[in-house]
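Quick note: numbers below take in every heavy atom, side chains included, and nothing from hydrogens, waters or symmetry partners. The shown structure was predicted, so the numbers you read here are calculated from the model rather than taken from an experiment.
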Amino acid sequence: MKRNSVIGKLLGLTVVLTLLAALWCDQAMAAEYGTWGDLFWWLLEDSGQLTISGNGEMNEFTGTSWESSRSWWKYQYSNTIKSVIIEEGVTSICNRAFISFNSITSVTLPKSVTSIGDYAFGYCNNLESITLQEGLTSIGKNAFQGSGLKTITLPNSLTSIDDYVFQACRLTNITLPNGLTSIGDHAFDGCGCLTSVTLPESLTSIGEDAFMNCKSLSDLHIGSLESWLNISFHDVYITSATKVQHGHTLM
């Protein structure tokens, strides 16, 4: 009797393990994967989550590599990729890495990323928010241009925002981090929903027309009058409806 009981339990365990193995195989078959360069690999799950792993700077897309079956770029217009997770170890997001991937709604970046390339998330129309981790020091030209960004958290490690980075985004307000020294040309041009901007005292340069066509911008906050006077302006256009405030005093 005891022997039969043991055999029954073993058979039951075998059935469970077989079912689990079959389930794992189904999931593996549903996922797509590939390599990019020598140090990166990616996995696209059936849920639409793209995970990119590796070490160092992400390889640039050049020549025919845009359409390579080895890269995630073959999904650009298929509305397949819904979310992106970049794992720890990746130190940069290459130029145009996800440009015009309109189905992406969320992006998770690790602390190891120090730079975001030109047009990296440009024209991602459904990307509404992203949190950038401490350690990021630079954002390239047009990196989020024309995206659906409504909110963004910028780390204190960020020192520069290049030209056209947030042009024509849907941002409503933004606090620029302490440590930021320069804002590029047209950086926030066309952000028609932007109502409030807080500038850090570390800022020393604002590029040409950085806030042009920000028709809803009503408040521009600065830390002190001294910091405002230390900023180098390059043909900066600010609507006459904008109130510039330093400390608690209205200029």
Geometric class of the Trp42/Trp72 ring pair [parallel <30°, tilted 30-60°, perpendicular >60°]: perpendicular

Measuring from Asp162:CG to Ser115:OG, what's the distance to the nearest 0.5 Å? 11.5 Å

Contacts of Ser106 that satisfy side-chain contact (heavy atoms from CB on, under 4.5 Å) - sequence neighbours left out: Ser83

Compare all side-chain heavy atoms of Phe121 with those of Ile116 and state whether any distance is below 4.5 angstrom. yes

Side chains of Phe98 and Val84, heavy atoms from C-beta outward: is any pair under 4.5 Å? yes

Could you check whether Thr91 and Glu57, counting side-chain N and O atoms only, form a donor-acceptor pair closer than 3.5 Å? no

Within 6.0 Å of CD in Gln133, more than 12 heavy atoms from elsewhere: yes

Using modelled atom types and a 3.5 Å cut-off, is there a donor and acceptor pairing between side-chain atoms of Thr159 and backbone atoms of Thr137? yes

Please check if Tyr164 and Phe188 belong to a single hydrophobic cluster, counting links between Ile, Leu, Val, Met, Phe, Trp and Tyr side chain heavy atoms closer than 4.5 Å. no

Considering non-hydrogen atoms only, spot the tightest contact between Leu203 and Ser182 and give its length. CD1-N, 3.8 Å

Nearest 0.5 Å, what's the CD1-OG1 distance between Ile206 and Thr204? 9.5 Å

Could you report the tightest heavy-atom contact between Ala143 and Gly117, atom names first, then the distance? CB-O, 3.7 Å

Can any side-chain N or O of Ser216 pair as donor or acceptor with the backbone N or O of Gly192 at less than 3.5 Å? yes

Between Ile86 and Thr108, is there a side-chain heavy-atom distance shorter than 4.5 Å? no

Do you know the tightest heavy-atom contact between Val90 and Ser112? O-OG, 2.7 Å

From Gln145 CD over to Ile99 CD1, what is the distance, rounded to the nearest 0.5 angstrom? 8.5 Å

Between Ser103 and Thr80, which heavy-atom pair has the shortest distance, and what is it? OG-N, 3.9 Å

Write down the atom of Leu199, the atom of Leu176, and the distance for their closest heavy-atom approach. CD2-CD1, 3.5 Å

Show your working on side-chain contact (heavy atoms from CB on, under 4.5 Å) between Ile104 and Lys82 and close with a plain yes or no. CA-CA 4 Å; Ile104 292 177; Lys82 308 296 183 184; over 6 Å; no

Nearest 0.5 Å please: distance from the CG atom of Leu180 over to the CD atom of Glu201. 13.0 Å

Spatial distance of atom OG1 (Thr172) from atom NZ (Lys150) [nearest 0.5 Å]: 9.0 Å

So, the side chain of Thr105 versus the backbone of Leu127: is there a donor-acceptor pair under 3.5 Å, distance only? no

If every non-hydrogen atom of Ser202 is compared with every non-hydrogen atom of Asn178, which pair is closest and at what distance? OG-C, 3.9 Å

Does the side chain of Ile139 reach to within under 4.5 Å of the side chain of Leu132, using non-hydrogen atoms? yes

Under the criterion side-chain contact (heavy atoms from CB on, under 4.5 Å), I'd like the reasoning laid out for Ile174 against Leu194: C-alpha separation, chi angles, the key distance, then a yes or no. CA-CA 8 Å; Ile174 190 166; Leu194 191 62; 4.3 Å; yes

Expected output: side-chain Asp185 to main-chain Gly207 donor-acceptor under 3.5 Å: no

Could you check whether any side-chain heavy atom of His221 comes within less than 4.5 Å of a side-chain heavy atom of Ser196, counting everything from C-beta outward? yes

Tell me whether Ser92 contacts the main-chain N or O of Met58 through its side chain, where contact means a donor paired with an acceptor under 3.5 Å. yes

Report yes if some heavy atom in the side chain of Arg170 is under 4.5 Å from a heavy atom in the side chain of Leu149; otherwise report no. no

Do you see a donor-acceptor pair shorter than 3.5 Å between the side chains of Asp118 and Asn142? no

Would you say the side chain of Leu43 lies within less than 4.5 Å of the side chain of Leu50, judging by non-hydrogen atoms? no

Go through the steps to decide whether Tyr33 and Leu44 satisfy the test side-chain contact (heavy atoms from CB on, under 4.5 Å), and finish with yes or no. CA-CA 6 Å; Tyr33 57 90; Leu44 177 59; over 6 Å; no

Look at the side chain of Ser157 and the backbone N and O of Leu136, then say whether any donor-acceptor pair between them is shorter than 3.5 Å. yes

Check the hydrophobic clustering (I, L, V, M, F, W, Y; side-chain heavy atoms under 4.5 Å; chains of links allowed) and say if Leu158 and Val107 are grouped together. yes

Could you walk me through whether Cys191 and Cys169 pass side-chain contact (heavy atoms from CB on, under 4.5 Å), step by step? CA-CA 5 Å; Cys191 291; Cys169 288; 4.2 Å; yes

Can you list the steps and then say if Asp189 with Asn213 is a side-chain hydrogen bond (donor to acceptor under 3.5 Å, both in side chains)? CA-CA 6 Å; Asp189 184 0; Asn213 296 318; 3.1 Å; yes

If hydrophobic clusters are built by linking Ile, Leu, Val, Met, Phe, Trp and Tyr wherever their side-chain heavy atoms come under 4.5 Å apart, do Ile52 and Ile85 end up in the same one? no

To the nearest 0.5 Å, tell me how far Ile161 CD1 sits from Phe144 CZ. 10.0 Å

Tell me if the aromatic rings of Trp73 and Phe101 count as close, with their centers under 6.0 Å from one another. yes

With a 4.5 Å cut-off on side-chain heavy atoms, are Leu171 and Ile152 touching? yes

Give the cluster check for Val197 versus Ile183: same hydrophobic cluster or not, with ILVMFWY residues linked at side-chain heavy-atom distances below 4.5 Å. yes

